[in-house]
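Below: the structure, in structure tokens.
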Amino acid sequence: MGAFGAIVVRDLKLSFRRWSELANPLIFFVIVAALFPLAIAPGEVEQRTIGIGVLWVAALLSSLLALEGLFRNDADDGSLEQLLLSPVPFGVTVIAKIAAHWLVTGVPLIVLAPLVALAFGVPVGALPVLLAALLLATPTLSVLSAAGAALTLGIRHSGAIIGLLVLPLATPLLIFGARATDLAAHGEATAGPLYLLAALAVLAVSAGPVAVAGALRVGLE
């Protein structure tokens with residue numbers, strides 16, 4: 001197993017040891033999505049109309065709950081500094097940690113989202129587009145989250161600050177993801193917003209880790 005795989009496995013094991021931190025975002029996502037139908041008109045059309053937007057907003061907000069611990073725990077116990085000094089390029093370390101973060105936060109959301117969408121009356125035919133949009137949007141969100149966590153590494157209890165940094169940058173994901181799902185629900189072409197999500201994902205994955213690594217180096221000095 002190479003260094004990349006070893007870091008991913010290590011972070012996954014640490015995440016599963018902290019079940020509360022792992023489960024809180026998913027519980028928040030389900031509760032928010034479950035409460036909205038109780039507060040709106042009972043008509044199927046109304047629920048479907050706002051349900052897609054609610055689903056994407058809930059997914060975005062729930063993903064923010066797990067941000068503060070992305071680098072904080074490793075910085076506190078000194079392991080992040082050891083990773084910086086190790087022979088492994090720090091960029092590889094950052095990519096591995098972002099990948100592990102996506103596996104424990106993005107993948108569960110992708111699994112749960114179709115069930116929530118069906119509860120809002122979203123047509124079954126729109127679910128493949130919803131899954132594709134989430135597969136493209138969640139890696140970008142993980143990179144943005146890592147950037148926010150790296151920039152605030154030296155600040156205690158920085159969860160709210162990270163949210164203020166990440167939310168404006170994540171707005172295009174919300175717009176394009178909800179638009180693609182809405183077009184699919186109405187049987188229209190969805191290529192445009194999906195291509196834009198793919199472009200954002202390529203940009204984030206290619207340039208984001210470099211910026212995150214630079215911010216972490218500054219934070220550790």
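- Residues Leu135 and Leu174 share a hydrophobic cluster, clusters being chains of Ile/Leu/Val/Met/Phe/Trp/Tyr side chains in contact below 4.5 Å.
- The distance from atom CG of Leu141 to atom CG of Leu200, rounded to the nearest 0.5 Å, is 11.5 Å.
- Put simply, the side chain of Thr152 does not reach to within 4.5 Å of the side chain of Phe71, judged on heavy atoms.
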- prompt: Checking side-chain contact (heavy atoms from CB on, under 4.5 Å) for the pair Leu84/Arg217: CA distance, chi angles, key distance, verdict?
  reply: CA-CA 8 Å; Leu84 175 62; Arg217 286 193 179 94; 3.8 Å; yes

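- Of the possible donor and acceptor atoms, none in the side chain of Thr181 sits under 3.5 Å from a partner among the backbone N and O of Leu130.
- When the side chains of ILVMFWY residues are joined at heavy-atom separations under 4.5 Å, either directly or via intervening members, Phe16 and Val8 end up in a single hydrophobic cluster.
- Taking the side-chain hydrogen bond (donor to acceptor under 3.5 Å, both in side chains) definition, one finds that Thr140 meets it with nothing, sequence neighbours left out.
- Val30 and Val107 end up in the same hydrophobic cluster when Ile, Leu, Val, Met, Phe, Trp and Tyr side chains are linked at under 4.5 Å.
- Clustering ILVMFWY residues whenever any of their side-chain heavy atoms sit less than 4.5 angstrom apart, transitively, puts Leu173 in a cluster other than the one holding Val202.
- Of all heavy-atom pairs between Ala100 and Leu12, the closest is O-CD2, 4.0 Å.
- Taking OH of Tyr195 as the start and CG of Leu136 as the end, the distance is 11.5 Å to the nearest 0.5 Å.
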- prompt: Would Leu83 and Val88 count as a side-chain contact (heavy atoms from CB on, under 4.5 Å) if you check the C-alpha gap in whole Å, the side-chain angles of each, and the deciding distance to 0.1 Å?
  reply: CA-CA 8 Å; Leu83 290 171; Val88 180; over 6 Å; no

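- To the nearest 0.5 Å, atom CG of residue Leu26 and atom CD1 of residue Ile31 are 11.0 Å apart.
- Remark: His101 NE2 to Thr138 OG1 distance equals 10.5 Å, nearest 0.5 Å.
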side-chain contact (heavy atoms from CB on, under 4.5 Å) between Arg179 and Leu196, intermediate numbers included: CA-CA 11 Å; Arg179 180 61 175 163; Leu196 290 170; over 6 Å; no

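- Of all heavy-atom pairs spanning Ala137 and Leu197, the tightest one is CB-CD2, 4.4 Å.
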message: Between Leu127 and Leu118, does the side-chain contact (heavy atoms from CB on, under 4.5 Å) criterion hold? Intermediate values first, please.
response: CA-CA 9 Å; Leu127 296 185; Leu118 290 175; 3.9 Å; yes

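- The CZ atom of Phe29 lies 6.5 Å from the CG atom of Leu112; values are rounded to the nearest 0.5 Å.
- Shortest non-hydrogen contact noted between Ala59 and Leu109 is O-CD1, 3.7 Å.
- A distance of 12.5 Å separates CH2 in Trp56 from CG in Asp182, rounded to the nearest 0.5 Å.
- Closest approach of Leu131 and Ile110 over heavy atoms only: CD2-O, 3.4 Å.
- Residues Ala170 and Leu60 come closest through the heavy atom pair CB-CD1, 3.6 Å.
- Across every non-hydrogen atom of Pro193 and Leu183, the tightest pair is CG-CD1, 4.0 Å.
- Hydrophobic clustering (ILVMFWY, side-chain heavy atoms < 4.5 Å, transitive): Val111 and Leu61 are in one cluster.
- When atom types are taken as modelled, the side chain of Thr171 and the backbone of Leu167 share a donor-acceptor pair closer than 3.5 angstrom.
- Judged as a side-chain hydrogen bond (donor to acceptor under 3.5 Å, both in side chains), and not counting sequence neighbours, Ser86 has no contacts.
- Contact annotation: the side chain of Asp74 approaches that of Arg10 to within less than 4.5 Å [non-hydrogen atoms, C-beta and beyond].
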